[in-house]
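This report refers to the structure that appears directly beneath it.
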2 protein chains.
Amino acid sequence: MNPIEHLNKLFESRIRLGVMSMLMVNEEVSFNDLKSMLDVTDGNLASHLSTLEENAYIKVHKGFVGRKTNTTYSITKVGEKAFKGHLAALEAMIKFTQ
Amino acid sequence: MNPIEHLNKLFESRIRLGVMSMLMVNEEVSFNDLKSMLDVTDGNLASHLSTLEENAYIKVHKGFVGRKTNTTYSITKVGEKAFKGHLAALEAMIKFTQ
DNA sequence: TGACTAGCTTTGATGCACAAAGTGCTTTAT
DNA sequence: ATAAAGCACTTTGTGCATCAAAGCTAGTCA
């Protein structure tokens with residue numbers, strides 16, 4: 001049995017992994033919160049977010065806080081399923097090693 | 001708290017992750033067994049193995065089976081520690097998301 | 001008006017993953 | 001003896017991903 005065959009390619013990036021983790025825990029997270037919690041540059045974050053969005057793992061909501069623009073992100077059903085699948089694969093791998 | 005800050009960069013590759021898993025479970029694994037279990041080309045495997053070796057995570061043993069050459073790999077203390085640290089970080093992240 | 005924030009996009013450099021082919025050595029088959 | 005095949009690489013080349021930095025647009029606050 002191959003211990004790694006069910007790992008999701010999209011989640012090999014620590015940043016995308018972090019984004020998904022944050023979005024599993026929080027209903028909505030703003031661009032700036034993601035940026036500071038994951039400690040990345042805005043450009044870098046934006047590009048990872050757009051890959052996740054292209055794969056329909058997350059969705060974007062452009063809104064306001066007071067009169068300031070505020071973009072938030074949330075996980076989709078598809079994304080949740082993909083992420084849980086990945087976690088299951090990781091857990092299987094961890095069990096495998098014990 | 002950043003959920004991904006303790007993840008090990010070397011273990012972002014599924015192949016290196018797979019090699020380490022195999023070596024956690026088995027005292028020694030041959031080149032060909034790794035190759036077939038992880039389903040990779042020999043060149044690709046060799047290059048990942050050499051990265052792991054450069055980082056002292058694994059060590060090589062060149063021997064024989066009968067009269068045929070047989071190279072096996074095993075995990076080092078350093079590698080075991082690094083891998084366990086990575087697994088702990090993954091587990092923390094998984095817990096974080098639940 | 002002038003500085004500042006938010007959220008991107010673009011650019012460009014660097015590095016990595018991977019397949020494929022080549023290599024040197026040995027074994028096994030004919 | 002010669003050919004074929006296996007083992008364990010190394011080399012080469014391509015394409016892709018990561019990332020920082022800079023640029024950009026639109027709005028905000030002083």
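Chain naming here is simple, since letters A, B, ... match the order of the sequence lines and numbering starts at 1 in each. Since we're looking at a predicted model, the values are computed, not measured.
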Gap between atoms [atom1] and [atom2], on [X] and [N] respectively (whole Å):
| X | N | atom1 | atom2 | result |
| --- | --- | --- | --- | --- |
| B:Glu12 | C:dC18 | CD | P | 13 Å |
| A:Lys35 | C:dT5 | NZ | C1' | 10 Å |
| A:Leu52 | C:dC8 | CG | P | 13 Å |
| A:Phe64 | D:dC29 | CZ | P | 12 Å |

Next item on the list: Sort out for me which residue in A:Val19, A:Val29, A:Leu23 forms a side chain to side chain contact (heavy atoms under 4.5 Å, CB included) with A:Tyr73.
Entry: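 Of A:Val19, A:Val29, A:Leu23, side chain to side chain contact (heavy atoms under 4.5 Å, CB included) with A:Tyr73 is met by A:Leu23 alone.
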
State whether a side-chain donor-acceptor pair under 3.5 Å links B:Tyr57 with B:Asn8.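 There is such a pair between these side chains.
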
Margin query: Considering every strand and a 4.0 Å limit on heavy-atom distances, what is the contact class for B:Ser47: base, sugar-phosphate, or nothing?
Written below: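 Nothing, no heavy atom under 4.0 Å.
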
Between [options], which nucleotide has the shortest distance from any of its atoms to the side chain of [X]?
| X | options | answer |
| --- | --- | --- |
| A:Arg67 | C:dA17, D:dC29, D:dT18 | D:dC29 |
| A:Thr41 | D:dT18, C:dG7, D:dA20 | D:dA20 |
| B:Ile15 | C:dC18, C:dG7, D:dC9 | C:dC18 |
| B:Asp42 | C:dC8, C:dA21, D:dC29 | C:dA21 |
| B:Arg14 | D:dC7, D:dC9, C:dC18 | C:dC18 |
| B:Asn44 | C:dT28, C:dA19, D:dC29 | C:dA19 |
| B:Arg16 | D:dT18, C:dG7, C:dA17 | C:dA17 |
| B:Lys68 | D:dG6, C:dC8, D:dT28 | D:dG6 |

inquiry  = Determine whether a donor-acceptor pair (one donor, one acceptor, N or O, separation below 3.5 Å) exists between the side chain of B:Asn32 and the base of D:dC7.
reply    =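 Between D:dC7 and B:Asn32, which were checked side chain against base, a qualifying N/O pair under 3.5 Å is absent.
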
